[in-house]
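Below is one structure, written out as structure tokens; comments come after it.
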Amino acid sequence: MPEPAPTLVMGVVNVTPDSFSDGGRWFDVDAAIAHGLELVAQGADILDVGGESTRPGAARVEPAEEIRRVVPVIRELAGRGIPISVDTMRAATAEAAVEAGAVIVNDVSAGLADSAMAPIAAASGARYVAMHWRGHSDRMDALAEYRDVAREVRDELAERVDALVRAGVDADRIILDPGLGFAKRGEQNWELLARLDEIGSLGFPVLVGASRKRFLGALLPDGAPVEDRDLPTAVLSALAAERGAWAVRVHDVGATRRALDVVAAWQAGRRG
Ligand code: PMM
């Protein structure tokens, strides 16, 4: 049997003033570039550059402003040979980002937020992350109603894959993501993680984005700072890697890199 490829580390570069997890520290373009380079030095394989926060209740950003935030950062980092993904729900931003050198479009809405996204993604030739999504952040908490969360997320992702492929997206370029925290409550995230193989059974690489999310914060003492979620995030990265995740999307790359090194050594030991 071929050995599974090691899980990749996708480092988050938020070029936003309001991301829930890093408080907009990387809003300035130069600071975002420097942060991206630091994440690569810490072991990121891919950088995910986003200009619009998806935190619960976050306001939408104007399309032109989103492009203004991400394109210079992508151009500089891609120009240095770093694989870049663009975290956007908008076709125009995806198109500008790919033109600037992005090789992955990370669309948290899987094409639902912008009907132009699928054809643009298809024409771009980039890889495409389709995340499970039910609605924008201002109303997603009300959409977290499931009878069987893992089955419904898998079925809704399968529907998105069909729609994307019908719109011309090459199936070989699709990556799926269960969308932890997006229209999911704490226990629903845990059930999805425990049943990650059901998402994997669709036959696409799986990306897991748990980094610093509320359901990890809930394991910590009240009032713990958001950075305290990095150790739980790294442990979760290791567990996701052991379950065959294609990549994990994280803010603290160093901790996850070390955790994944442990997984790789463990797996090598199993092979003997
Ligand atoms: N989570 C956030 C943003 N983008 N993209 C994917 N594919 N998966 C995720 O889970 C995901 C994402 C929200 O987190 P942030 O505001 O800290 O970046």
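Here, residue 1 is the first one in the sequence, and each next residue gets the next number. All ligand and atom numbering here is 1-based and tracks the order in the structure. Atom set for the values below is all heavy atoms of this structure, side chains included, hydrogens, waters and symmetry mates excluded.
For ligand 1, the polar-atom distance check against V12 finds no nitrogen or oxygen pair separated by under 3.5 Å. On a distance-only criterion, H251 and ligand 1 share at least one N/O pair closer than 3.5 Å. Of the N or O atoms in S53, none lie within a sub-3.5 Å distance of an N or O in ligand 1. Checked by distance only, ligand 1 and D87 come closer than 3.5 Å through their nitrogen or oxygen atoms.
With a heavy-atom cut-off of 4.0 Å, V208 does not touch ligand 1 at all.
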query = Going through the checks in order, is the side chain to side chain contact (heavy atoms under 4.5 Å, CB included) test met by V9 and L260?
reply = CA-CA 9 Å; V9 181; L260 296 194; 3.6 Å; yes

message = As a quick check of understanding, evaluate salt bridge (charged side-chain N to carboxylate O under 4.0 Å, His left out) for E198 and R151, giving each step before the final call.
response = CA-CA 8 Å; E198 293 180 39; R151 188 175 52 73; over 6 Å; no

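Taking a cut-off of under 4.0 Å to the non-hydrogen atoms of D177, the atoms of ligand 1 that pass are 6 (C), 7 (N), 8 (N), 9 (C). Within the listing of ligand 1, atoms 7 (N) sit less than 4.0 angstrom from a heavy atom of L207. Interface atoms of ligand 1 facing V108, defined by a heavy-atom separation under 4.0 Å, are 4 (N), 5 (N), 12 (C). Set against the non-hydrogen atoms of N106, the atoms of ligand 1 under 4.0 Å away are 5 (N), 6 (C), 7 (N). Of all the atoms in ligand 1, the ones that sit under 4.0 Å from a non-hydrogen atom of V129 are 7 (N).
Looking only at side-chain heavy atoms (C-beta outward), K213 and K184 stay at 4.5 Å or farther from each other. At least one side-chain heavy atom of P205 sits under 4.5 Å from a side-chain heavy atom of R127.
Residue I46 belongs to a hydrophobic cluster whose other members are L8, M10, V103, I104, V129, I175, L207, W246, with links defined by side-chain heavy atoms closer than 4.5 Å.
Scanning for ring pair (Phe, Tyr, Trp, His ring centres under 6.0 Å) contacts around F204 gives an empty result, with sequence neighbours left out.
In this structure, K213 counts as a contact residue of ligand 1, since one of its heavy atoms falls inside 4.0 Å of the ligand.
A tilted orientation is assigned to the rings of H132 and Y146, their planes being inclined by 30° to 60°.
Separation of atoms CG (D48) and CG (N14) is listed at 8.0 Å; rounding is to 0.5 Å.
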